[in-house]
Asker: 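This is the structure I want to talk about, given as structure tokens.
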Number of protein chains: 2
Amino acid sequence: VRQALKNIDYLFSPRSVAVIGASNNPDKWGFDIMSRLVRKKTDFKVYPINPKEKEILGRIAYARLTDVPEDVDFAVIVIPPEYAAAAMQDCAAKKVKSVLIITAGFKETGGMGAELESEVISIARSGGIRVVGPNCNGHFNTSSGLFTTGGEDVKPGPVGIISHSGNFGGYIVRQGTEKGFGFSKYVSSGNEADLTIEDYIEYLAEDEDTKIICAYIEGLKDARRFFDLAKRVTRKKPIIVLKAGRSPEGSSAAMSHTASLSGSDAVHDAAFRQTGVIRVENVADMVDIASALIRQPIPRGNRVGIVTVGGGFGVVATDTCRQLGLEVPPLSGETIERLNRILPSRWSHANPIDMAGTVHSSYGCIGNIMKTGGIDVVLVISCIGYVPRLPAGLPADTAEKLKNYHKTMVEGELQLVEGLFDRIGRYQKPVIVTAVNDRRESKPIAKLADYGIYTYRTPEDGAKVISYLVKYGNYLARSY
Amino acid sequence: VRQALKNIDYLFSPRSVAVIGASNNPDKWGFDIMSRLVRKKTDFKVYPINPKEKEILGRIAYARLTDVPEDVDFAVIVIPPEYAAAAMQDCAAKKVKSVLIITAGFKETGGMGAELESEVISIARSGGIRVVGPNCNGHFNTSSGLFTTGGEDVKPGPVGIISHSGNFGGYIVRQGTEKGFGFSKYVSSGNEADLTIEDYIEYLAEDEDTKIICAYIEGLKDARRFFDLAKRVTRKKPIIVLKAGRSPEGSSAAMSHTASLSGSDAVHDAAFRQTGVIRVENVADMVDIASALIRQPIPRGNRVGIVTVGGGFGVVATDTCRQLGLEVPPLSGETIERLNRILPSRWSHANPIDMAGTVHSSYGCIGNIMKTGGIDVVLVISCIGYVPRLPAGLPADTAEKLKNYHKTMVEGELQLVEGLFDRIGRYQKPVIVTAVNDRRESKPIAKLADYGIYTYRTPEDGAKVISYLVKYGNYLARSY
């Protein structure tokens with residue numbers, strides 16, 4: 001196992017990279033990849049390979065890989081499928097450790113493509129080379145700065161991504177980036193002619209930069225191995241899976257896409273549950289639950305306390321919690337007493353705690369509900385990120401007055417956020433924050449994110465995140 | 001009926017507005033509302049009422065409403081509940097036509113609050129005054145520029161909103177604004193002591209600015225009237241409803257929020273279906289389906305043609321379509337032949353049409369699938385808004401080259417968009433566009449939105465929108 005993992009290391013942290021099919025034409029993948037490799041200052045060397053060019057993006061180009069004067073750890077192949085075998089032969093001659101094949105037109109197209117794929121892989125095997133793809137869109141490692149796929153805005157962080165589909169994988173990364181968290185490593189596995197999802201999971205399980213593993217899977221090459229691994233890994237790192245091919249029509253689309261056999265969905269679903277894998281239905285949920293696992297404690301039960309600025313949100317959140325099997329238990333007389341002291345008489349006197357617009361009561365309400373024994377997790381709706389943008393067109397003195405007022409409100413929210421960090425640590429209960437206003441300009445929300453607490457857009461999304469956390473917590477409690 | 005509608009007109013298009021409880025203190029609703037009323041140049045006059053101030057936001061303040069020297073059509077009440085009856089008496093004396101009561105602490109708190117509410121309403125009734133609320137957060141009319149609630153970014157458009165909950169209503173408006181569409185009128189109905197959701201629906205059904213009606217409902221005061229109305233209205237204007245209080249816990253939260261009786265959810269669900277009301281489960285779906293109804297034709301069947309740049313998206317979209325009861329039928333031999341002429345040999349040769357990254361083939365593929373008899377609606381994934389931002393840190397000549405290349409790609413997308421307008425008109429089939437890249441900077445996506453075609457974030461969201469459109473189309477076909 002260690003040696004296998006070592007070989008995958010060359011993929012993510014090579015000392016030198018060659019691009020077979022590098023190009024000066026922006027219409028080509030070979031241009032894209034080169035431009036990503038030379039953009040930042042990095043520790044690895046880059047060798048473009050192209051018989052027709054002298055120089056590509058400021059780097060000397062070589063006609064063949066074997067012309068490169070120094071060692072090459074890792075090569076990317078982006079030339080048509082019929083030339084791939086010859087390129088792989090050069091890789092073997094050059095003692096390259098790992099190769100990533102972007103090129104499509106192999107097994108996923110059947111017939112001749114399948115034969116070409118076998119040939120390329122058998123050359124790689126005899127040369128001891130591990131192969132990503134073919135028919136994939138690249139990979140990245142934020143700690144070495146190696147990007148063979150897009151990732152301009154990607155920041156380092158604890159989430160590792162494995163995706164059968166390159167487009168889909170890129171999509172997960174973009175959504176996560178928009179949510180605000182960072183990534184450790186990413187790989188699109190494509191046809192998996194050599195390295196498979198199972199291999200990457202084994203690798204990421206050992207990878208210190210990766211705390212959470214997300215995978216988009218069209219089909220498992222070795223389901224037994226996957227679930228054995230999953231059972232072991234999910235106890236220390238959560239695995240979140242989006243498994244496609246749920247319908248017969250989806251399965252046949254998966255076959256023509258990455259030559260994957262989707263398998264029985266019901267069987268997979270049961271196996272995911274039994275091995276603690278968090279199965280999601282779409283990317284939005286994957287990103288939401290991943291972000292919640294970064295810093296929040298795992299809840300010890302399913303009893304939700306809801307604190308809301310507006311009653312409508314409380315109603316909808318309660319409906320959604322109940323639908324998802326979460327409890328929204330009544331408050332004890334003692335808790336109601338304590339809340340009576342800080343809330344106006346028109347508050348709901350019940351869970352959900354509708355503060356009836358008194359956003360300044362949030363600090364006290366959240367503190368009270370967190371210390372209540374009968375509550376395992378708190379859903380906070382619109383208490384943070386509540387302060388709106390300053391409207392345009394006001395008379396100057398009014399604008400000034402409003403600005404000062406907003407400043408005071410923001411300071412209140414910042415105190416609330418500080419308090420949350422302390423309370424989450426003290427009570428070891430997750431606090432799921434939903435912020436329905438525009439969040440891009442909110443300082444308190446940015447502060448939460450810096451700490452690793454991300455916010456959700458709707459009360460329904462918040463409830464959904466809680467239900468995933470509760471299920472994972474139940475699994476962990478059962479499996480010990 | 002006409003006279004009733006006329007009275008509601010004074011609410012949305014008054015010649016003069018009084019704010020009873022106007023304030024110079026930014027911590028007060030009376031400040032908020034005043035600041036919204038005076039911000040823009042409008043045709044109506046504004047009279048702040050406050051016994052302690054000489055002037056509020058540049059307007060002369062009057063001690064009592066009866067001191068205002070001119071007629072007042074519409075008054076907002078934002079003073080504590082115990083003073084509301086006296087304020088309503090002044091409104092009656094002044095022959096005000098309609099009153100909106102922001103103040104909470106009435107029937108939703110039970111006991112004394114309920115008595116106060118009865119008193120206020122009986123004064124209003126004897127004065128012939130129609131009342132919004134109490135316990136609401138205001139309303140707006142984009143055509144008259146009257147905003148008693150937030151709406152800085154709101155633009156005029158065809159969507160009218162009625163919401164039991166003020167916070168929730170504001171949330172719908174913000175989400176719609178983010179999606180890119182505009183609104184006609186908005187009202188938060190609160191406790192509905194006088195005017196009810198049924199009244200507002202009747203009004204918006206006749207309102208020329210409103211083409212689509214969205215409602216957040218905690219409980220119906222007169223379910224029979226609602227469904228009679230809905231049956232009539234949904235034939236000419238879609239009604240989209242988010243009905244809360246689905247669970248017993250949610251229902252009791254609704255009771256303490258707006259004193260609403262939620263009623264049996266199963267009964268409501270059946271009645272919504274039988275009257276053509278589009279029932280959604282959350283605001284994201286409400287905004288998505290509303291945006292699709294603005295300009296897209298209603299599909300004549302449930303057969304979906306999928307065109308995608310990446311195979312993974314196609315797999316997930318197919319799964320979701322099937323799950324939602326939509327067909328993803330095979331392509332005819334003839335269609336495959338035609339697509340063979342414009343796509344590389346590695347394309348999927350099936351529906352979903354995976355163009356295998358050849359985004360420039362989108363124009364031809366979409367045209368071909370639209371004219372196919374066996375397809376009722378087209379789902380386009382990532383063909384528009386595909387061009388990424390220009391990455392930073394490239395050498396100058398490379399950046400220039402890439403910039404020109406992107407420019408060409410954007411021009412291709414703009415042509416595709418032009419073609420879509422023409423084709424949607426010609427074939428009368430909806431084309432649902434999902435754009436997974438960041439859409440904020442995409443010219444082609446902005447062009448679509450200007451025309452009234454909005455984009456969706458995920459393939460799953462696109463499929464969901466289609467399933468709502470198909471259900472509504474089925475209802476309309478059956479009900480004629």
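Please read all numbers here as calculations on a predicted model, not as lab measurements. Every heavy atom of this structure was used, including side-chain atoms; hydrogens, water molecules and symmetry mates were not. Chain A is the first sequence line, chain B the second, and so forth, proteins listed ahead of strands; every chain is numbered from 1.
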Asker: Based on non-hydrogen pairs under 4.5 Å, which of B/S348, B/P344, B/G311 is most in contact with chain A?
Answerer: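 Sorted descending by pairs with chain A, the first entry is B/G311.
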Asker: Do you know which of B/D319, B/N351, B/V309 has the most heavy-atom pairs with chain A at a distance under 4.5 angstrom?
Answerer: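 That would be B/D319.
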Asker: So with a 6.0 Å cut-off around NZ of A/K28, is the heavy-atom count from everything else above 12?
Answerer: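 It does not: A/K28 NZ has 12 such atoms or fewer within range.
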Asker: Which bit of A/T320 is near chain B, if near means a heavy-atom gap under 4.5 Å: side chain, backbone, both or neither?
Answerer: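 The answer is both parts of A/T320.
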Asker: Using heavy-atom distances under 4.5 Å, tell me whether A/S247 contacts chain B through its side chain, its backbone, both, or neither.
Answerer: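 Looking at A/S247, backbone and side chain both touch chain B.
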Asker: Is the B/Y171-A/F313 ring centre distance short of 6.0 angstrom?
Answerer: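 Centroid distance B/Y171-A/F313: below 6.0 Å, so yes.
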Asker: Between A/E249 and chain B, with a heavy-atom cut-off of 4.5 Å, which part of the residue counts as in contact: side chain, backbone, both or neither?
Answerer: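 A/E249 touches chain B through backbone and side-chain heavy atoms alike.
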Asker: Which atoms of A/Y216 come close to chain B, meaning under 4.5 Å heavy atom to heavy atom: side chain ones, backbone ones, both, or neither?
Answerer: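 When you check distances to chain B, only side chain atoms of A/Y216 fall under 4.5 Å.
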Asker: Could you point out which residue of A/T408, A/L402, A/N404 forms a side chain to side chain contact (heavy atoms under 4.5 Å, CB included) with B/P26?
Answerer: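 Result: among A/T408, A/L402, A/N404, A/L402 is the only option passing the side chain to side chain contact (heavy atoms under 4.5 Å, CB included) with B/P26.
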Asker: Quick one: what part of B/A244 sits under 4.5 Å from any heavy atom of chain A, side chain, backbone, both or neither?
Answerer: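 Contact with chain A involves both backbone and side-chain atoms of B/A244.
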Asker: Taking A/Q323, A/R39, A/R346 one by one, which has the highest count of heavy-atom pairs under 4.5 Å against chain B?
Answerer: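 Winner by heavy-atom pair count: A/R39.
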Asker: So what's closer than 4.5 Å to chain B heavy atoms on A/Q175: side chain, backbone, both or neither?
Answerer: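 Side chain of A/Q175 only, per the 4.5 Å heavy-atom cut-off to chain B.
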Asker: With only heavy atoms counted, which part of B/F31 is less than 4.5 Å from chain A, the side chain, the backbone, both or neither?
Answerer: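 Looking at B/F31, just its side chain touches chain A.
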Asker: Of the backbone (N, CA, C, O) and the side chain (C-beta and beyond), which part of B/N24 lies under 4.5 Å from a heavy atom of chain A, both, or neither?
Answerer: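 Contact with chain A: backbone and side chain both.
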Asker: Measure distances from A/D27 to the heavy atoms of chain B and classify the residue's part below 4.5 Å as side chain, backbone, both or neither.
Answerer: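 Its backbone and side chain both get close to chain B.
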Asker: Could you check which of A/T458, A/V315, A/T318 has the highest count of heavy-atom pairs closer than 4.5 Å to chain B?
Answerer: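 Sorted descending by pairs with chain B, the first entry is A/V315.
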Asker: Starting at CZ of A/R457, measure out to CD of B/E178 and round the result to the nearest 0.5 Å.
Answerer: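 Taking CZ in A/R457 and CD in B/E178, the distance rounds to 4.5 Å.
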Asker: Please determine, among A/D397, A/L57, A/N167, the option with the most heavy-atom pairs under 4.5 Å with chain B.
Answerer: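 Going by pairs under 4.5 Å, I would pick A/N167.
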Asker: If you count heavy-atom pairs within less than 4.5 Å of chain B, which of A/G312, A/S165, A/P330, A/A317 leads?
Answerer: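 Counting heavy-atom pairs under 4.5 Å, the top option is A/G312.
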Asker: Counting heavy-atom pairs closer than 4.5 Å to chain A, which one of B/E281, B/H164, B/H406 comes out on top?
Answerer: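 Among the listed options, the one with the most contacts to chain A is B/E281.
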Asker: Based on non-hydrogen pairs under 4.5 Å, which of A/D153, A/N282, A/I306, A/N137 is most in contact with chain B?
Answerer: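 Greatest number of close heavy-atom pairs with chain B: A/N282.
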Asker: So which residue, A/G310, A/G357, A/G169, ends up with the most heavy-atom pairs under 4.5 Å with chain B?
Answerer: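 Option with the greatest count: A/G310.
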